[in-house]
Amino acid sequence: MIHIVSDLTHELDRTEKTTMDFMTDRDVQKYLEDGYVVLDGLLTSQECDELRQRMAEIVDRMDVPEHCRITFSTYHDEQLKTQGNADYFITSGDKIRFFFEKGVFDDKGEFIVPKQRSLNKVGHALHAYEPLYKKVTHSPKVQGIAKKLGAVSPVILQSMFIFKQPGIGGEVTPHQDATFLYTEPLGRVMGLWIALEDATVNNGCLWFIPGSHNSGISRRMVRTAKGTFPLTDFTGREQDYDEQKFISAPVKKGGVVLIHGEVVHRSAENTSEDSRHVYTFHIMESQDTRWSPDNWLQPTEELPFPPLYTK
């Protein structure tokens, strides 16, 4: 993320992942070289199940207004039409809101699949308003990861529960998170992507281009001038990437992937019969960092970006 601690005061067991040293020196090295690293055992199986159960309760009680039934996609033009045009999306940074897969509503806006199978994601402030998610986000292991990477004043930007529904879980095209979460300088944002079920090649695990975090970004999603539509637009275009360079990153239930803000990654459609539930959130080193006022996501009076470290 930012300043990396290079001189440890004592020699640490490189294979032991204790609560306060969950991330080893070797893990740090892989993260710095590749732009991502998979760490097993962030959560227990029971903790994963509790997060999934709580989300099932949230979804069961959701009451979605007709005009909010927008479809989530990562294709360039569709992003503008759906996410960007929708005030529902751009004002979701300090709320818990619902975003659906394609083809789950009929032309009258009624569900044609079971409600629990309809969602692409729920976001973007689970970390602030849902106690179970807040506890995981601020857990000693997560704080330990940030400290191991030298973060001085990390804050939490956003959080999401991603469903990757069986059979209909959509493709996420190659992208860099800094396209959407831009800072000056770059290199201050990291995603933590926690597998609440096994994430496999079959059900849509992440794929990365190792080392692609060293080349900056080619595209940004920015807010447009007030009073204009769409509410967001893209500057630049996503590059064309060599498919052969992508490496799969399967994760066991309870494991976490650390994702550098500029590393190129994607995931395929989920054509399997298994869901791929994930809890993911982004943190930013706030010290000596400028959060772009052009980003879609902005802190609010109700919810400033909360500090990761708890006193």
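Position 1 is the first residue of the sequence; numbering continues from there. Basis for what follows: all heavy atoms, side chains included, without hydrogens, waters or symmetry-related copies.
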TODO: State whether the number of non-hydrogen atoms from other residues, nucleotides or ligands found under 6.0 Å of Gln46 atom CD is greater than 12.
DONE: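 Atom CD in Gln46 is not packed in, count stays at 12 or less.
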TODO: Check whether NZ of the Lys or CZ of the Arg Lys30 lies under 6.0 Å from the centre of the six-membered ring of Tyr36 and within 45 degrees of that ring's axis.
DONE: yes
TODO: May I ask you to check if Lys95 and Tyr88 form a cation-pi contact, with NZ or CZ under 6.0 angstrom from the six-membered ring centre and within 45° of the axis?
DONE: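 Lys95 over Tyr88 ring: no.
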Open item on the list: Under a 3.5 Å distance rule, please check whether Glu33 uses its side chain to pair with a backbone N or O of Val28 as donor and acceptor.
Closed with: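 Here the side-chain-to-backbone pair does not exist.
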Open item on the list: Test your reading of the model: is there a side-chain donor-acceptor pair from Asp198 to the backbone of Lys253, 3.5 Å cut-off?
Closed with: yes
Open item on the list: So if I apply the ring pair (Phe, Tyr, Trp, His ring centres under 6.0 Å) rule between Phe208 and each of His175, His265, His213, His260, which one comes out positive?
Closed with: His265
Open item on the list: Nearest 0.5 Å, please: how far is CD in Gln176 from CD in Glu238?
Closed with: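 Result: 6.0 Å between the selected atoms.
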Task: Verdict with supporting geometry, Phe111 and Phe105, ring pair (Phe, Tyr, Trp, His ring centres under 6.0 Å) - done: CA-CA 5 Å; Phe111 286 112; Phe105 296 113; 4.9 Å; yes
Open item on the list: Among residues at least two apart in sequence or on other chains, which ones pass ring-ring contact (aromatic ring centres under 6.0 Å, His included) with Phe281?
Closed with: Tyr279
Task: Check: Trp296 ring centroid to His124 ring centroid under 6.0 Å - done: yes
TODO: Hydrophobic side-chain clustering at under 4.5 Å (ILVMFWY, transitive links): who's grouped with Trp207? Put none if nobody.
DONE: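 Traced through the cluster, Trp207 reaches Val201, Ile209, Tyr241, Phe246, Val264.
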- [ ] Apply the test ring pair (Phe, Tyr, Trp, His ring centres under 6.0 Å) to residues Phe98 and Phe100: give CA-CA distance (whole Å), side-chain angles for both, the deciding distance (0.1 Å), then the verdict.
- [x] CA-CA 7 Å; Phe98 304 93; Phe100 299 92; 7.2 Å; no
